[in-house]
Amino acid sequence: MDKQGFTTGIVHGDRKTGTEHGGVHQPIHASVQYGFDRVEDLIGVFQGTKKGGFNYARQGTPTTAALERKITSLEEGVGTVCFSTGMAAITATFLTLLRAGDHLVSSRYVFGNTNSLFGTLRTLGVEVTTVDACSAEEVKSAIRPNTRMVFVETIANPGTQIPDLHNIGNVCRGHGIAYVVDNTITSPALFKPKAIGASLVINSLTKTIAGHGTALGGAVTDTGLFDWSAYPNIAAEYRRSMAQEQGLLQIRKKGLRDMGAALSSEQAHAISVGAETLALRVKQCSENALTLAHFLEGHAAICRVLYPGLKSHPQYGIAQELFKGASWLLSFELTNAECMIEVVNALELPIKATGLGDTRTLIIPVASTIFFDRRRDPQSHGDFRRYAAAVGRHRGH
Ligand SMILES: *Cc1c(COP(=O)(O)O)cnc(C)c1O
């Protein structure tokens, strides 16, 4: 499909659907309201019979729609819904596709805020089991008759664990379970989760895809592989659409229109521009991170470096097989954890800040920040007590 080349596809994609006045870039549509000469057209937009129309910016604008097309094409999916943040995209996916009494199986190694969201789901009656998803067997044995969804991150933030992506895909297919893959750290430049049978792909656009640290956004893409007509939680009003469209339609209507975490046109535009250099940045950042990982691995004060590009990484083989690069996220552990403050303060270039996917290199001690809330959770202790996670993300020279 991608005969044109990844970057060529992104930079010329906008013009395929036409731009006003022959603009080389998509414009920023600031309008909240969209008016029509004939009321039939307004009705058609509401009822979904007039495809591609807009009525109110909370449900999308021509600018957010252009970004959605871009992400759909990058992930080789059938459609995308954009949100104001990555967390909004994840929340909307869970809240619209899961109901009280349902069961979600997730990798134990996920972004801290996603893990915190599982706590909220539990208060709403959704059962959540977290497992070591580096083993597909563990995922399989956690499945129950009411399991509706399996959730994993391609490379876990911040521990860099990689689930047994391919075999979990087979397990989900065998059980008719929706397979939701957070592709934030890898991005479609390194990996397209459709290849391992993902049903829905989440991207925090804030991170790798925008890449400049000046815009927030999130996206859910449907790969077209899942049969939503067999999924019990689709509301009757969305059953009228084609089976392939039902899941995303429910996410757009219930998760975006009703819950309201809409992406603004200005942010969508900033993300779109960032996405144009995605492949170039990711390649350079992966090279930089590997150099840094080798350096840290040889350093006497460091007892463990977690980077999927290192042969010592437990899932090095999977990274080599599935990803075009090992990404820009790495973690390391000091031999003497007591020195953490001193070591981090002594660094000159990396900025002590939370967040990922900036043009700048950032560093954060995760145990005392992101995982601070989880310090009483015995399961997380072994993994996160001593990590300092660094993001190897320099601008290429
Ligand atoms: C940051 C992050 C998110 C959330 O994205 P925001 O845009 O910050 O809301 C989700 N998943 C992963 C893996 C992340 O690193």
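In this text the structure is predicted, and so the values were computed from the model without any measurement. Whatever order the structure lists ligands and atoms in, that order sets their numbers, starting from 1.
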*Would you please indicate yes or no on a ring centroid separation below 6.0 angstrom for Phe94 and Phe151?*
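Yes.
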Starting from [atom], locate the nearest protein heavy atom and write down its residue, its atom name and how far away it is, to 0.1 Å.
atom: atom 10 (C) of ligand 1; answer: Asp182 OD2, 3.6 Å
atom: atom 6 (P) of ligand 1; answer: Gly86 N, 3.4 Å
atom: atom 7 (O) of ligand 1; answer: Thr206 OG1, 2.6 Å
atom: atom 1 (C) of ligand 1; answer: Lys207 NZ, 1.3 Å

Using a 4.0 Å cut-off to any heavy atom of [X], which atoms of ligand 1 qualify?
X: Ser204; value: 3 (C), 5 (O), 6 (P), 7 (O)
X: Gly217; value: 7 (O)
X: Leu356; value: 15 (O)

Short side-chain donor-acceptor distance under 3.5 Å, [Y] and [X]:
X: His313; Y: Thr160; result: yes
X: Thr214; Y: His212; result: yes
X: Asn113; Y: Ser116; result: no

*Starting at CE of Met259, measure out to NZ of Lys253 and round the result to the nearest 0.5 Å.*
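Rounded to the nearest 0.5 Å, the CE-NZ separation comes out at 14.5 Å.
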_Heteroatom proximity flag, Thr114 to ligand 1, N/O under 3.5 Å_ =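 Among all N and O atoms of Thr114, none is under 3.5 Å from an N or O of ligand 1.
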*asked:* When you compare ligand 1 with Glu153, is there at least one nitrogen or oxygen pair between them that comes in under 3.5 angstrom?
replied: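 No.
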*asked:* If we set the cut-off at 4.0 Å for heavy atoms, which region of Met87 has an atom near ligand 1: side chain, backbone, both, or neither?
replied: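 Both backbone and side chain.
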*Where on Ile90 is there a heavy atom closer than 4.0 Å to ligand 1, on the side chain, on the backbone, on both, or on neither?*
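The part of Ile90 near ligand 1 is the side chain, not the backbone.
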*Give a yes or no on whether a salt bridge exists between Asp14 and Arg69, defined as a side-chain N under 4.0 angstrom from a carboxylate O.*
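Salt bridge absent between Asp14 and Arg69.
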*If you take all heavy atoms of Tyr34 and Pro62, which pair is closest and at what distance?*
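Heavy-atom minimum between the residues: OH-CD, 3.4 Å.
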*Check whether any side-chain heavy atom of Arg58 sits under 4.5 Å from a side-chain heavy atom of Arg257, and report yes or no.*
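A side-chain contact exists here, since the closest heavy-atom pair is under 4.5 Å.
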